[in-house]
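Inspection log for the structure reproduced underneath, given as structure tokens.
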Amino acid sequence: MLLEQLKQAAAQRQQLALTRRRRIAHTACAPHQAVGAADAQPQPLLTFCSNDYLGLANHPKVIAALAEGAHRYGAGSGASHLVSGHSLAHAQLEEELARWFAPHIPHAQTLYFCTGYMANMAVLTALGTAGATLFCESLNHASLIDGARLARADVQRYPHCDTAALEALLAASTSERKLIVTDSVFSMDGDVAPLRELLALAERYDAWIIVDDAHGFGVLGEQGHGVLEALGLSSERFIYIGTLGKAAGVAGAFVAAHEAVIEHLVNTARPYIYTTAAPPAVAHALLASLTIIEGEEGRQRRAQLMRCIALLREGLARLAASAGWSLGESQTAIQPLIVGDNAASLALSAALEAGGIRVGAIRPPTVPEGTARLRITLCAAHDEADVQRLLDAISGAIACKEAA
Ligand SMILES: *Cc1c(COP(=O)(O)O)cnc(C)c1O
């Protein structure tokens, strides 16, 4: 019976060191956060696991804008965008983002979604109709995988960053609508998709590129406009998804694409149509965070993030080699320390936590078998001393492992 089956599955997960547990944060998302059970005194931890890359989730101006937005527009939107939930704040946010993307996508408009997961479901199901083919990068985020599963299109997968394999698939395809689907910054590895080469293929084979910049928006580019700005790319063929709960520090996501694509999404994308619009106050807060991202403060925050990344990589390269682990080829805020074994990566995470440092251990199925890892994420709110403390703690854990 059901409960027996579920208990068995839970026991099996436990045995494979795959059980997942939620922890409770008692304070705001920040490098120094109090974490614990609901009924116990929380423990102060130095954290390296949020995606709040610019430290805006707890920024006074963004918090003030959220409160101001609530006073102006109320707590909730009351309905979906097409009924009565579409507010001035949502419209202003979309207009500002359209301005950001004008240099990168001719005739760009944007559409705001409650979450990135929903934006990806929307784009893949609304464009990936019968007769279309989705050419999916093998390390795509789960939300792109789920969107492709739900879409009626044919789905073909190509190996990680393998443009030659992708070209072979495109060349062999007779599909009337070809859509390349990829993360920009890969969420568990931190490396960046070869978008310039993908664009050349898209032009050669008349394909479109759906690019999910969840970990690039706000972080990459001189003005923080994301991966297209960083690589200096511009094409109507880009259908860009940026998320707003990571570097932008609030919640939601947007699609930037040719106005005809946006018009199609508004009219046909079920994850857009059949859900209550996010609170207008959230959009109002996002306008404040966009101002920070694009301005001098954003530039300084990105520079601080880059300093932390350089310091961490320099220290980790030595430590990983001494422990027989490997450091990912990443220049971004996502720095994977690949341990391999599930239990060993959990043990390393636990050892760090005993020393007051929180880093997530990522295990299959989120990453391939045998590549369990610590996923270290850095943010602009970290300082050099925080990074040094992490390096010292990892060094200590390695010394303990060798003594044991
Ligand atoms: C986090 C993430 C998403 C989902 O965005 P949410 O706004 O958190 O739902 C989509 N794609 C990638 C690559 C992500 O990392």
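Both ligands and their constituent atoms are indexed starting at 1 by order of listing. Just so it is clear, the model here is predicted, and its values are computed rather than measured.
Remark: the E296 side chain and the Q300 side chain contain an N/O donor-acceptor pair separated by less than 3.5 Å. Side-chain atoms of T366 and R20 include a donor-acceptor pair closer than 3.5 Å.
Taking a cut-off of under 4.0 Å to the non-hydrogen atoms of S143, the atoms of ligand 1 that pass are 10 (C), 11 (N). With ligand atoms numbered from 1 in the order given, ligand 1 contributes 2 (C), 11 (N), 12 (C), 13 (C), 14 (C), 15 (O) to contacts under 4.0 Å with heavy atoms of A214. Those atoms of ligand 1 with a heavy atom of N120 less than 4.0 angstrom away are 10 (C), 11 (N). For ligand 1, the atoms sitting less than 4.0 Å from at least one non-hydrogen atom of T243 are 5 (O), numbered in the order shown with element in parentheses.
Atom CD of E176 sits about 11.5 Å away from atom CG of D206, to the nearest 0.5 Å.
Looking at atom 1 (C) of ligand 1, its nearest protein heavy atom turns out to be K246 NZ, 1.5 Å. With respect to atom 9 (O) of ligand 1, the closest heavy atom belonging to the protein is Y117 N, 2.9 Å.
With atom 3 (C) of ligand 1 as the reference point, the heavy atom nearest to it among H141, H215, M121 is part of H141.
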Please output the side-chain donor-acceptor pairs of residues 103-110 that fall under 3.5 Å, not counting sequence neighbours, one pair per line with the distance.
from: H104; atom 1: ND1; to: L233; atom 2: O; distance (Å): 3.0
from: T110; atom 1: OG1; to: E94; atom 2: O; distance (Å): 2.8

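Each ring pair (Phe, Tyr, Trp, His ring centres under 6.0 Å) pair with one or both residues in residues 306-347, not counting sequence neighbours, would appear here, but there are none.
On a distance-only criterion, D212 and ligand 1 share at least one N/O pair closer than 3.5 Å. At least one N or O atom of G116 sits closer than 3.5 Å to an N or O atom of ligand 1. The N/O atoms of D183, backbone and side chain alike, include none that comes under 3.5 Å of an N/O atom in ligand 1.
Ring geometry for Y240 against F101 counts as tilted: the plane angle lies between 30° and 60°, on a 0 to 90° scale.
Within a 6.0 Å radius of CZ in R270, other residues, nucleotides and ligands contribute 12 heavy atoms or fewer.
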